[in-house]
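Note sheet for the following structure.
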Amino acid sequence: MTMNQTTANTGYAPEHAPRLNMAKLAPEVYKAMTALSAAAKKGLDPVLAELVMIRASQINRCAFCLDMHTKEALAAGETIERIIQLAAWEESRHFYTEREAAALELTEAVTVLTEGFVPDEVWEKAAKHFDEAQLAQLTAVITVINSWNRFAVTTRMVPGHYTPGAFKR
């Protein structure tokens, strides 16, 4: 059942139309972003990377990326319970390892730069759980998902149609 069929059968609000198609209208940029995404994830636990991308997408209110990365997380073996709790991970810290919590805290600090710089204590906490190469990759994943969120929110990419593995390189 597609979202349009669901809308017709249930009375849900209609699906909005995208403003423009980045993949079609800026194919070089889109291909470069896709390659950058794949490179950023190298060496990181796939589930951790998905948790980070979900959390940044929650903060940025990116429905398309939430759809994509929750589905990818589930496909990678993440539990529904941990995905549900992610929006309030600080309150439900017992669902996450210290390493994951450090990554989530760094994700929030990098994503919400309007509140100031990434605090030294946040960086140091992450550095206790990740070596320098992993920190570089984690920083890249956080930065790239923030860029994707901005593309998706600005162009109004439509959530609900993503199939896990569709963008794997």
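Because the structure is predicted, anything quoted here is derived from the model rather than measured. Positions are given from 1, in the same order as the sequence printed here.
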Requested in this report: State, with a plain yes or no, whether a side-chain heavy atom of Pro159 is found less than 4.5 Å away from one of Leu66.
Outcome: no

Requested in this report: Ignoring hydrogens and angles, tell me if any N or O in the side chain of Asp67 forms a donor-acceptor pair with the backbone of Ala63 under 3.5 Å.
Outcome: no

Query raised in the report: Would you call Pro164 and Glu72 a side-chain contact if the rule is heavy atoms closer than 4.5 Å?
Result: yes

Requested in this report: State, with a plain yes or no, whether a side-chain heavy atom of Gln137 is found less than 4.5 Å away from one of Phe130.
Outcome: no

Query raised in the report: Do Trp123 and Thr139 come within less than 4.5 Å of each other through their side chains, counting heavy atoms only?
Result: yes

Report task. Indicate yes or no for a side-chain donor-acceptor contact from Thr163 to the backbone of Ala166 under 3.5 Å, with no hydrogens or angles considered. Result -> no

Report task. Give the minimum heavy-atom separation between Val153 and Asn60, together with the two atoms involved. Result -> CG2-O, 4.0 Å

Query raised in the report: Are side-chain heavy atoms of Phe64 and Thr155 found at a separation under 4.5 Å?
Result: no

Query raised in the report: Would you say Leu25 and Phe151 are hydrophobically clustered, going by side-chain heavy atoms of ILVMFWY under 4.5 Å?
Result: yes

Query raised in the report: Are Leu138 and Leu104 linked, directly or through other ILVMFWY residues, by side chains that come within less than 4.5 angstrom of each other?
Result: no

Report summary line: Distance col, row Glu105:CD vs Arg93:CZ, nearest 0.5 angstrom, shows 6.0 Å

Requested in this report: Flag the pair Met157 / Met68 as yes when at least one side-chain heavy-atom distance between them is below 4.5 Å, and no otherwise.
Outcome: no

Query raised in the report: Can you find a pair of side-chain heavy atoms, one from Val118 and one from Leu113, that are under 4.5 Å apart?
Result: yes

Query - Expected output: side-chain Glu78 to main-chain Val47 donor-acceptor under 3.5 Å - result: no

Query raised in the report: What is the distance from atom NE2 of His69 to atom CD1 of Ile83, rounded to the nearest 0.5 Å?
Result: 12.0 Å

**Report entry** Derivation of the side chain to side chain donor-acceptor pair (under 3.5 Å) call for Arg82 and Gln85
**Finding:** CA-CA 5 Å; Arg82 283 174 27 110; Gln85 292 299 318; over 6 Å; no

Requested in this report: Please confirm whether the backbone N or O of Lys71 pairs with a side-chain atom of Glu50, one donor and one acceptor, at under 3.5 Å?
Outcome: no

Query raised in the report: Looking only at heavy atoms, which two atoms of Leu51 and Leu86 are closest? And how far apart?
Result: O-CD2, 3.5 Å

Query raised in the report: Do other residues, nucleotides or ligands put more than 12 heavy atoms under 6.0 Å from Glu121 CD?
Result: yes

Query raised in the report: Which atom pair, heavy atoms only, marks the closest approach of Ala103 to Leu48?
Result: CB-CD1, 3.8 Å

Requested in this report: Kindly give the heavy-atom pair with the smallest separation between Ala17 and Val158, and that separation in Å.
Outcome: C-CG2, 4.4 Å

**Report entry** Interatomic spacing from CE in Met53 to OG1 in Thr70 - rounded to 0.5 Å
**Finding:** 11.0 Å

Requested in this report: Report yes or no: does Tyr96 contribute a side-chain atom to a donor-acceptor pair with the main-chain N or O of Ala102 at less than 3.5 Å?
Outcome: no

Query raised in the report: Is Val112 reachable from Val122 through a run of I, L, V, M, F, W or Y residues, each pair having side-chain heavy atoms under 4.5 Å apart?
Result: no

Report summary line: Interatomic distance, SG@Cys65 vs OH@Tyr162, rounded to 0.5 Å, equals 10.5 Å

Query raised in the report: Roughly how far, to the nearest 0.5 Å, is the OG1 atom of Thr111 from the CD1 atom of Ile59?
Result: 5.0 Å

Report task. Indicate, with yes or no, if the rings of Trp148 and Tyr30 have centres closer together than 6.0 Å. Result -> yes

Query raised in the report: Between the main-chain N or O of Thr154 and the side-chain N or O of Arg19, is there a donor-acceptor pair closer than 3.5 Å?
Result: yes

Query - Trp89/Glu108 under side chain to side chain donor-acceptor pair (under 3.5 Å): CA gap, chis, key distance, verdict - result: CA-CA 11 Å; Trp89 71 270; Glu108 291 188 4; 2.6 Å; yes

Query raised in the report: Considering all heavy atoms of both residues, which atom of Val141 and which atom of Ala40 are nearest to each other, and what is their separation?
Result: CG2-O, 3.2 Å

Query - Heavy-atom pair with the smallest gap, counting every atom of Ile145 and Ile142 - result: CG2-O, 3.3 Å

